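Not measured: the values here are computed from a predicted model. Both counts, for ligands and for their atoms, begin at 1 and track the order of listing.
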Amino acid sequence: MTVRKNQASLTADEKRRFVAALLELKRSGRYDTFVTTHNAFILGDTDNGERTGHRSPSFLPWHRRFLLEFERALQSVDASVALPYWDWTVDRTARSSLWAPDFLGGTGRSRDGRVTDGPFAASAGNWPISVRVDGRTYLRRALGASVRQLPTPAEVESVLAMATYDMAPWNSASDGFRNHLEGWRGVNLHNRVHVWVGGQMATGVSPNDPVFWLHHAYVDKLWARWQRRHPGAAYLPASGTPDVVDLNETMKPWNDTSPADLLDHTAHYTFDTD
Ligand SMILES: [Cu+2]
């Protein structure tokens, strides 16, 4: 059974194996197919048209399935690997062990944002940015430069307290848990973390930075916490909503899984705590 652990509690060996599996997926070309898929959905999801991966109720189940696919790919390289999560309410500075050279490497240099240490630095030669929105082929970050603060535990609590999963118009204007967690409205949790990291993480090709997976694994964990907090609260909408994935409708690009199939994460993995 896959157990997703807090990145801060990984052993040196677990970090080494996770990094090695990432590098092998990159080398084989499989990694970049995930970047391409994510960018296609970012570009295609619109507030007034079809929306599946983002700015819609299926933001959470879509990313849950996307992470599951990625985790299975990692496990095809090394069966012992699970996706770690980054609790950015606790590990909230560029000095966190997350950003050390034995794990993800640190922030970018000021001149061009280029990450210069760690396994994903361009200088190491193993992490070319191939699926990109501009000419720059090196991983970039600017930790804390565009927005000063990561979300606080109190801000997370205020969003977990919201009892309704999502509301019409089921997009970036919605009230309710999903849109506050996604961050288009209110204190801004998920979106703000992308902006805080900067570089490719602040673009549609955000999975180019391996921290994408750790960020989304924590967003996914917050969904699980919300479900436990509100046992009677359902995924919404239930049915008949144009352009939006209802509870029992299948999601692109897989076309074989609905939000209903993904509500219970324990069918696939558990967390180290909660
Ligand atoms: Cu994200």
Side-chain angles (χ1 to χ4, degrees), residues 4 7 22 31-47 51-71 73-74 83-89 91-92 98-99 104 120 129 131-133 139-147 149-151 155-156 159-160 165-166 170-172 174 176-226 245 251-253 259 262 265:
R4 294 190 180 171
Q7 60 78 25
L22 286 166
Y31 191 95
D32 286 338
T33 68
F34 287 89
V35 187
T36 300
T37 297
H38 187 268
N39 193 42
F41 278 81
I42 281 275
L43 295 173
D45 295 322
T46 60
D47 269 339
R51 48 198 185 276
T52 303
H54 306 87
R55 51 179 74 237
S56 64
S58 47
F59 166 71
L60 290 169
W62 189 92
H63 280 83
R64 177 166 285 176
R65 173 66 187 258
F66 189 56
L67 263 63
L68 269 171
E69 297 282 330
F70 185 72
E71 187 170 56
L74 290 172
L83 283 182
Y85 61 87
W86 168 32
D87 180 348
W88 23 254
T89 71
D91 295 302
R92 34 189 310 108
L98 173 65
W99 308 110
L104 301 191
F120 310 101
I129 304 298
V131 182
R132 55 186 191 260
V133 290
L139 181 65
R140 290 178 292 116
R141 291 181 189 133
L143 303 182
S146 294
V147 58
Q149 298 285 352
L150 287 164
E155 287 171 328
V156 165
V159 172
L160 290 176
Y165 178 77
D166 207 345
W170 320 109
N171 62 19
S172 72
S174 291
F177 169 69
R178 185 277 310 167
N179 196 37
H180 279 83
L181 174 56
E182 190 171 356
W184 302 108
R185 183 164 173 160
V187 295
N188 184 357
L189 302 181
H190 153 269
N191 285 346
R192 197 201 318 177
V193 176
H194 279 275
V195 173
W196 186 89
V197 174
Q200 281 90 3
M201 257 294 269
T203 75
V205 292
S206 49
N208 272 312
D209 191 326
V211 81
F212 173 91
W213 309 104
L214 287 77
H215 171 37
H216 270 278
Y218 186 59
V219 170
D220 183 78
K221 187 172 191 285
L222 291 177
W223 183 23
R225 272 176 69 187
W226 178 85
V245 182
M251 288 186 295
K252 294 176 180 175
L262 288 159
H265 70 280

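- Residues R141 and L104 have side chains in contact (heavy-atom distance under 4.5 Å, counting atoms from C-beta outward).
- The pair D47-R55 meets the salt-bridge criterion, since a charged nitrogen lies less than 4.0 angstrom from a carboxylate oxygen.
- Among the atoms of H54, none of the N, O or S atoms falls under 2.8 Å from the Cu ion (ligand 1).
- With 2.8 Å as the limit, H194 counts as an N, O or S neighbour of the Cu ion (ligand 1).
- The angle subtended at the Cu ion (ligand 1) by NE2 of H190 and NE2 of H216 is 110°, given to the nearest 10°.
- A centroid separation of less than 6.0 Å is found between the aromatic rings of F66 and W213.
- Here H63 fails the criterion, with no N, O or S atom under 2.8 Å of the Cu ion (ligand 1).
- Of the residues W86, F212, W88, the one that meets the side-chain contact (heavy atoms from CB on, under 4.5 Å) test with V197 is W86.
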